Number of protein chains: 2
Amino acid sequence: MSKSNRSELSSDPEFQLITKALGVISGKWRLYIILLLGDQTLRYRQLSEMLPGVSEKVLASELKSLVALGVMKRTAYAEIPPRVEYSLTRKGQLALPILKKIQEIGQIFN
Amino acid sequence: MSKSNRSELSSDPEFQLITKALGVISGKWRLYIILLLGDQTLRYRQLSEMLPGVSEKVLASELKSLVALGVMKRTAYAEIPPRVEYSLTRKGQLALPILKKIQEIGQIFN
DNA sequence: CTGAATCCAGCAGGATACTG
DNA sequence: CAGTATCCTGCTGGATTCAG
C-alpha cells in the first residue's frame, strides 16, 4: 500500500474501498448469513430457523441492509400466506468466493 | 454451507471460524492498518503519521489487539528516546493475500 | 517517543410484543 | 408468514490529559 500523505484519510481511495467492503462483512451475523445463503434461494422463515438465537428484529434489519447494499435480492409473492425469498445478486455471487476465503483467516489464527 | 440444525449457533465450527476472522478485520481501522503495514517494519510514530485522524488511544489499542491476536509483533528497543517497531508475524503474512482480496469486494459493490 | 488513563457519545445488537 | 415497534444495554471508537 503506497501512501500519499494527504491530510484526510477519508480521501484515500483505498480506505474508501476497504470501508465499503467492511460494510458488507462486518456485523455479528452479516457474513455468516451470506455464506449460509450461498447459491440457494431461501425463505425468510428458513433463514430464521437456521439462525437460532438471532432475533426477528436483527435478522430483518440485516437482510434489509444486505438488500440495500446490493448483496442480496428480495422477491415477494402476493400470496396468502405471504412468501418472501432471498438469494444473492450477481454481485453477491461474484463476491462469494472471496467471502469464503475469509474463513481461512479464522483457521490461520486458531 | 451445510446446516446441522443444532440449537446453538455458537457451537457451529464454521461460525466460530468466521467470528475469529472477523476479530482480525473488523473495527474501523484494523484492516486498514494491517494493509498499511504490509511487508514493512514501521515505528509507532510512522504509523501514527500515516493515519491522520486516528487518536493515540485508538491506534495504541488497535495495535495492542493485533499483537494479542497474533497478527503483528512488537519489538521494543531499550533506547532513549524509546523505539518501538511493528511488523506482521508469519501468520499475519500468511493472511495478507486474503486480506488484500477484501478490497476487491469494495470494488464489486461500488 | 510511546503509549496509558479517563471520560463520554453513538450505535449495533438484543428482548419482547404486536401487525398486515 | 414476514416482518414492525419499542425499549434497553453494552461496546466501539473519539477527545483530552497524563506518564515512563
Side-chain angles (χ1 to χ4, degrees), chain A residues 7-10 15 18-34 36-37 40-69 71-87, chain B residues 7-10 15 18-19 21-34 36-37 41-69 71-87:
Chain A
S7 52
E8 273 312 316
L9 212 55
S10 43
F15 179 72
I18 292 173
T19 301
K20 192 91 179 179
L22 285 179
V24 175
I25 62 182
S26 65
K28 198 166 173 183
W29 313 105
R30 197 163 292 193
L31 177 56
Y32 190 74
I33 293 174
I34 299 174
L36 196 54
L37 186 57
Q40 314 175 69
T41 292
L42 292 176
R43 300 182 59 163
Y44 178 87
R45 189 52 43 189
Q46 293 178 295
L47 283 167
S48 179
E49 282 163 7
M50 291 160 108
L51 295 162
V54 181
S55 76
E56 301 291 313
K57 178 221 155 183
V58 171
L59 177 56
S61 73
E62 290 299 289
L63 290 174
K64 200 177 220 174
S65 302
L66 287 167
V67 169
L69 283 165
V71 180
M72 292 185 181
K73 59 171 176 286
R74 192 191 110 115
T75 314
Y77 298 86
E79 305 173 352
I80 291 179
R83 178 162 59 108
V84 179
E85 294 180 342
Y86 291 91
S87 59
Chain B
S7 53
E8 271 314 315
L9 214 56
S10 43
F15 178 72
I18 292 174
T19 302
L22 285 179
V24 174
I25 62 182
S26 64
K28 197 167 172 183
W29 313 104
R30 197 163 293 192
L31 177 57
Y32 190 74
I33 293 174
I34 299 174
L36 195 54
L37 185 57
T41 292
L42 293 176
R43 299 184 57 164
Y44 179 86
R45 189 51 42 192
Q46 294 177 293
L47 283 167
S48 178
E49 283 163 7
M50 292 160 108
L51 295 162
V54 181
S55 76
E56 301 292 312
K57 177 222 156 184
V58 171
L59 178 56
S61 71
E62 291 298 288
L63 291 174
K64 197 179 221 175
S65 302
L66 287 168
V67 169
L69 284 166
V71 181
M72 291 186 179
K73 60 172 175 284
R74 192 190 109 115
T75 313
Y77 298 87
E79 305 174 350
I80 292 179
R83 178 163 58 105
V84 179
E85 294 180 342
Y86 291 90
S87 58

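Reminder, nothing fancy here: chain letters follow the sequence lines and each chain counts from 1. These numbers come from a predicted model, not from an experiment.
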Using atom [atom1] of [X] as one end and atom [atom2] of [N] as the other, report the distance to the nearest whole Å.
{"X": "A:Leu63", "N": "D:dG3", "atom1": "CG", "atom2": "P", "answer": "7 Å"}
{"X": "A:Lys64", "N": "D:dA5", "atom1": "NZ", "atom2": "C1'", "answer": "12 Å"}
{"X": "A:Leu47", "N": "D:dG3", "atom1": "CG", "atom2": "C1'", "answer": "13 Å"}
{"X": "A:Leu51", "N": "C:dG14", "atom1": "CG", "atom2": "P", "answer": "11 Å"}
{"X": "A:Leu22", "N": "C:dA12", "atom1": "CG", "atom2": "C1'", "answer": "15 Å"}
{"X": "A:Ile33", "N": "C:dA12", "atom1": "CD1", "atom2": "C1'", "answer": "13 Å"}
{"X": "A:Ile80", "N": "C:dT19", "atom1": "CD1", "atom2": "C1'", "answer": "14 Å"}
{"X": "A:Leu59", "N": "C:dG13", "atom1": "CG", "atom2": "C1'", "answer": "13 Å"}

Is there a donor-acceptor pair closer than 3.5 Å between any side-chain N or O of A:Arg30 and the backbone N or O of A:Gly23?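 Yes; at least one donor-acceptor contact below 3.5 Å.
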Judged by atom type as modelled, is there a donor-acceptor pair below 3.5 Å linking the side chain of A:Arg45 to the main-chain atoms of A:Arg83? no
For a quick test of reading the model: is some side-chain N or O of [X] closer than 4.0 Å to OP1 or OP2 of [N]?
{"X": "A:Tyr86", "N": "D:dG3", "value": "yes"}
{"X": "B:Arg45", "N": "C:dT2", "value": "yes"}
{"X": "A:Arg43", "N": "D:dA2", "value": "yes"}

Begin from the C-alpha positions of B:Leu47 and B:Leu63 and carry the test side chain to side chain contact (heavy atoms under 4.5 Å, CB included) through to its verdict. CA-CA 10 Å; B:Leu47 283 167; B:Leu63 291 174; 4.1 Å; yes
Please work out whether the ring planes of A:Tyr44 and A:Tyr86 are parallel, tilted or perpendicular, with thresholds of 30° and 60°. tilted
How is the base pairing of DNA chain D summarised as a dot-bracket string, given the Watson-Crick and G-U wobble criteria with both distances under 3.5 Å, [ ] for crossing and | for another strand? ||||||||||||||||||||
Working to the nearest 0.5 Å, report the span between [atom1] of [X] and [atom2] of [Y].
{"X": "A:Trp29", "Y": "A:Ile34", "atom1": "CH2", "atom2": "CD1", "answer": "14.5 Å"}
{"X": "A:Leu37", "Y": "A:Met72", "atom1": "CG", "atom2": "CE", "answer": "4.5 Å"}
{"X": "B:Phe15", "Y": "A:Leu36", "atom1": "CZ", "atom2": "CG", "answer": "11.0 Å"}

Of A:Pro81 and A:Ser61, whose closest DNA chain D nucleotide lies nearer the 5' terminus? A:Pro81
Nucleotide-resolved protein contact map, nucleotides 6-20 of chain D, B/S/- at heavy-atom distance under 4.0 Å: B------BBBB---B
Determine, stepwise, if the pair A:Met50 / A:Leu42 fulfils side chain to side chain contact (heavy atoms under 4.5 Å, CB included). CA-CA 10 Å; A:Met50 291 160 108; A:Leu42 292 176; 3.8 Å; yes
Closest contact, heavy atoms only, B:Gly27 versus A:Leu22: O-CD1, 3.8 Å
Using a heavy-atom cut-off of under 4.0 Å over every strand shown, decide if A:Tyr77 touches base, sugar-phosphate, or nothing.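 Answer is nothing: A:Tyr77 stays at 4.0 Å or more from every strand.
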